[in-house]
Protein chains: 2
Amino acid sequence: MSKIALLPPFFTSLRRYIDLSKEEEVELAPYLKQRTYLKGQYICQADDICRYQTFIVSGLARTFYLDTGGVEHVISFGMENWWVGDLCSFASQTPADFNVHCLEKTEVVQISYENLEHLYQLNPKMERFFRLIIQNAYIQSQKRIVRNHSLTARERFVHFSDTYPQLIQRVPQYMIASYLGITKEFLSSIRNQIAKELRN
Amino acid sequence: MSKIALLPPFFTSLRRYIDLSKEEEVELAPYLKQRTYLKGQYICQADDICRYQTFIVSGLARTFYLDTGGVEHVISFGMENWWVGDLCSFASQTPADFNVHCLEKTEVVQISYENLEHLYQLNPKMERFFRLIIQNAYIQSQKRIVRNHSLTARERFVHFSDTYPQLIQRVPQYMIASYLGITKEFLSSIRNQIAKELRN
DNA sequence: GCTAAAAGTTAAGATAGTTTAACTTCCTTT
DNA sequence: AAAGGAAGTTAAACTATCTTAACTTTTAGC
């Protein structure tokens, strides 16, 4: 049992960007796969080919890679209503650099490479939808580069806390440090410093 | 006089991603604008609304922004066959954060916001084309975040030199330093160090 | 060609962030 | 309830990078 219907929230998310009739939903549905990952499982692993674009209905995942020294670098978190996956690997169907790792039980809707290419042909609205989704992701990515250039570690942490207050609760601190590009020790000292200032 | 036809290289670039018949080219042409910017001119200025997606046929531009302290941060360079513009401003038709500044005389093909939305309706291939262009830009942007996290300043400079050897010649060093997220003085000392090592 | 402005260099002193390592707290599992 | 491991903290020593400032070289306008 336990597999509830994940398609309604998925279609709700589509409808934020494109108009979709009930008939079109029915047409798309056969190309979509519902799945539940347990805490600790991987949606995508480095060196495998990323076979799916994955929409998170509930739960939480992080995308990270291992550098040549074996150190983990978190490059993003994905939660409700976000898409995750190694887009480079998916688009070219070549081995992934990134791992997508569930930090909680995570329910998803997935589209395989073949099905997505098929859907693009079937309904041009899908092309528009992903153009818009990826466009937003790209804009956010540029803004992150800007922040990395012009903010201090402390300012980046404050921005992160303000932007994703839920994540501060749900994600271990050392992963947030990695996402911000600093060590866990330094993040700890930043938090300590902020806490001290609040006391005064 | 001087305005040569910029559309052929533009269509050649489109054809790398989508099939386009001669008739379709003719159909698109009225929505495209050719323009030449002189060295030093701005394709887009912060606080203005970015009205065009701009394809560079020849020349060179940089995208930069001014932080709250008035310091310039170069976020990208654009040369032949690249698209430039403040995508965030363009997509939402709100004031831009970025400036796009020509470092050389730059010949471009531009599409206005209204015309692009029209073209998306007119021919769904355009939606596909921009989905692919933006997808590549996003993948590159993610890779840049990865490099910023895991490489030293020196390694980032070496990667830049290897990837864009032409730009090393064409772009003032202080702009490259800014792009790499370091000071011009530090880049100077990195180059000095590399030159010394080569002599041994 | 001359001159001023822009770009690049050098070096000393300052600092944000890292490293190491020892310690504490908090979860899990049994 | 005890034990072991994962996560988080603290602090000292260290390093990559920045800041400042004086200097040199290159570029561009007259």
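When reading the values below, keep in mind they use all heavy atoms of this one structure, side chains included, and skip hydrogens, waters and symmetry mates. Just so we're on the same page: letters track the sequence lines, and every chain starts at 1.
Whole-Å rounding puts the A/Q193 CD to D/dT10 C1' distance at 14 Å. In this structure, B/I168 atom CD1 and C/dA7 atom C1' are separated by 15 Å, rounded to whole Å. Atom-to-atom, CD of B/E185 to P of D/dA21 comes out at 12 Å; the value is rounded to the nearest Å. Atom NZ in A/K184 sits roughly 12 Å away from atom C1' in D/dT10 (whole-Å rounding). Distance, A/F157 CZ to D/dG8 P: 11 Å, rounded to whole Å. Look at CZ on A/R170: it is 17 Å from P on C/dC27, rounded to the nearest Å. With rounding to whole Å, B/N148 atom CG is found 14 Å from D/dT17 atom C1'. One interatomic measurement links the two molecules: OH of A/Y174 to P of C/dT18, which rounds to 17 Å at whole-angstrom precision.
Listed nucleotides D/dT10, C/dT10, D/dA7 differ in distance to B/S188; the shortest reach to its side chain belongs to C/dT10.
Proximity of B/Q173 to the phosphate of C/dT9: a side-chain N or O atom is located under 4.0 Å from OP1 or OP2. When the side-chain nitrogen and oxygen atoms of B/K39 are compared with OP1 and OP2 of D/dA28, one or more of them lie within a distance under 4.0 Å. Between B/N192 and C/dT9 there is no side-chain N or O to OP1 or OP2 distance below 4.0 Å.
Inter-residue side-chain proximity for A/D86 and A/V100 is flagged as unmet; no heavy-atom pair is nearer than 4.5 Å. Annotation: side chain of A/I190 is in contact with side chain of A/I182 (closest heavy-atom distance under 4.5 Å).
Ring pair B/Y164/B/F77: centre-to-centre distance not below 6.0 Å. Here the two rings, on B/F64 and B/H73, have centers that are 6.0 Å apart or farther.
In this structure, A/R147 forms no cation-pi arrangement with A/F160, as its terminal cationic atom is not both closer than 6.0 Å to the ring centre and no more than 45° off the ring axis.
Taking the side-chain contact (heavy atoms from CB on, under 4.5 Å) definition, one finds that B/P172 meets it with B/Y174, B/M175, sequence neighbours left out.
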Between the protein and nucleotides 13-17 of chain C, which nitrogen or oxygen pairs are less than 3.5 angstrom apart?
{"from": "C/dG17", "atom 1": "OP1", "to": "A/A153", "atom 2": "N", "distance (Å)": "3.2"}

